[in-house]
**Q** 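I'd like to ask some things about the structure below.
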Amino acid sequence: MFTYTANPARVVFGSGTLAVVPDELQRLGASRVLLVAGKSAAEAADRTADALGPLLAARFGEPTMHTPVEVTERALALVVEHSVDCVVAIGGGSATGLAKALALRTDIPQVIVPTTYAGSEMTPVVGQTENGRKTTQSSPKVLPEVVVYDVDLTLGLPVPTSLASGVNAMAHAVEALYSAEANPIVDQLALAAIRLLAAALPRIAADPSDADARTDALRAAWLAGSCLGSVGMGLHHKLCHTLGGSFGLPHAETHTIVLPHAMAYNAPNAREAMRRIAEALGAPDAPTAVFDLLASLPVPRSLAEIGLAEGDLAKAAELATAAPYPNPRELTRDGIEELLRHAWSGTRPVPAEGTPPDLRRLTQEVVDSFAGTPDPRLRELLSELVRTLHSYVVRTDLTQEEWEYAIGFLTRTGQISSDTRQEFILLSDTLGVSSVVDVLTNSRTPDTTPSAVLGPFYVEGPPETEQGADLAEGLPGTPLWTDVQVTEPDGTPVPDAVVDVWQSNEDGFYDVQLPDLDGPVLRARFRTDAEGRLRFWTIVPSAYPIPDDGPVGQMLTAVERHPFRAPHVHFMIAKPGYRTLVTQLFVRGGDYLDSDTVFGVKDGLIVDFAERTGPAPDGREPWRRLEFTFRVTRA
Ligand code: NAD
């Protein structure tokens, strides 16, 4: 069971959205607006004031960090004096905090235009400072009615503030994942926020005017703020609160320094959350990944750097553990003091036991080695192959012995291959790769016949054969009269198409597998007539095992998979100006349709090989009849 409360704010997100504020006020029915904005948002506030015209009742220009009550009271006087019925706040957490403090006292609706990534606009919580003490309270009155995210307003946010409030947002998301109230909805918001921030913050540090990175960071701020508004936070937030409140450390920088160390402290008791965070960051271990991310950014790394005295660590630990609160790991004084000592000196957390080594740099080096490849597609294919292979080796913790076995396996796969035996195609087929490539390449149009893999038994240039001939002359098996047509998707016949047909004999063998056989058997090349039709005799195909006396067979044995293919006839239909169709028709009711060893069966290719009563025209009985229309498209 879980509980999730969606906070009912209306959100407008985009570039240039500041312009919608008057419309949003109209929706709310507001007529006397208080505009709150500090110096950093003065220009945006001036524009908004102009746009509001007579709706603007008053302005307040000094929102203050941590929402001191005396500042709120000055703004409240304006609310009363001007009969204000709505507040618009443009700025960071400080401007939002003031709007919330006013709403707490008057319940006036709020339109918030955030310009940092702190996320306060998404929470029903207000923190206020009185006589130097900050307290928080939660009330539905405090939750803003409308949030207008305008990416343009964040382009000028200085890099240090951007990074500090971005990491603040990441902390909301991280702690949401191991919160006592964690739930699957908030988890998704949190993971998306972490992913977006990890990618956006380095880009913002490199180029603060990168509008795409700013968009991602602001989206992440929204998501992370929603996490903060939905579930309770833990150790990290409390610790930052204590350090900020009792030792006068700068709020934002404290967050940035403490986060990886708080994560490392909680990691042993929040393994699943850490695993998911690590995965979102593409790293083996979450706390060190966050530490490394921050180490790559121009932000302070140690509490010593921002002025905490070493002698204060014990006192800080005592304060931080004085009142119990929900946290995945028990808060012990010694444990917290040790955590703080790490944060104080800025040392990299030790990865959790059993964490695989971080090989991202090695992978990147190999990928970088392809940077000069002139063919961009070749560069992409090789880079992605290396990333995937490295990741596979890491994720499976591949041993030297297993690697050697794989090399030996591939060597044997090559050695057994010849002109008539293609073990690599078999390997690709039995791993489903051929079918994946086939679907991507050939089956993107729903109104044409689905394609199927070519398979290893196609031989170029089968003998040209007259319509009506019998491919199976003299072979045992149930006679099959095949009457098919090739048309375009709208039914227009396709005459003169070259149709290659090949299939197995009654024992399940193709001619190329029978060295004593002289010449092509059960394979032919036809041409469709003026109506796109093609008729010939053959025999009903049987299920057959793929050649399983090689490495692929050993693999199937090892995994206890059978080597059988469902019974089918192959067709390749080609005509200049048309897309060549390579496909197979499967016998409805045949064996192995649901466990075809090369994953080649598609619903649209299972067809009736209808049993007929009475003798065939040439007197044989019983016999069967196959009718099918192949739909091909122009190239
Ligand atoms: P802030 O609003 O004080 O902004 C930080 C600094 O950045 C300020 O100097 C501000 O003038 C400047 N700034 C803001 N936007 C700018 C822009 N676009 N361009 C240039 N400069 C800009 O602080 P913050 O980091 O946004 O938020 C922190 C505050 O929010 C703290 O008081 C914190 O407690 C509170 N907060 C509350 C909640 C909650 O749920 N109640 C959640 C998160 C944060």
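Keep in mind that the numbers below use all heavy atoms, side chains included, and drop hydrogens, waters and symmetry copies. Counting begins at 1 with the first residue of the sequence. Remember, it's 1-based here, ligands and their atoms both numbered in the order they're listed.
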**Q** At a 4.0 angstrom heavy-atom cut-off, what protein residues surround ligand 1?
**A** S40, M65, H66, G92, G93, S94, K100, T115, T116, A118, S120, T123, V125, K134, L153, G156, L157, P158, T161, L228, H251
**Q** Establish, from distance only, whether the side-chain atoms of D375 and T373 form a donor-acceptor pair under 3.5 Å.
**A** no
**Q** Would you list the atom pairs, donor with acceptor, under 3.5 Å between side chains in residues 315-322 and any protein atom, with sequence neighbours excluded?
**A**
| unit_1 | atom_1 | unit_2 | atom_2 | d |
| --- | --- | --- | --- | --- |
| T321 | OG1 | A317 | O | 2.8 |
| T321 | OG1 | E318 | O | 3.3 |

**Q** Suppose the criterion is side-chain hydrogen bond (donor to acceptor under 3.5 Å, both in side chains): which pairs have a residue in residues 131-146, not counting sequence neighbours?
**A** H66-K134
**Q** With a 4.0 Å cut-off, would you call D285 and R275 a salt bridge?
**A** no
**Q** Which residue pairs satisfy the side-chain hydrogen bond (donor to acceptor under 3.5 Å, both in side chains) criterion with at least one member in residues 80-96, sequence neighbours excluded?
**A** S31-D85
**Q** Hey, is D292 close enough to R348 for a salt bridge, meaning N to O under 4.0 Å?
**A** yes
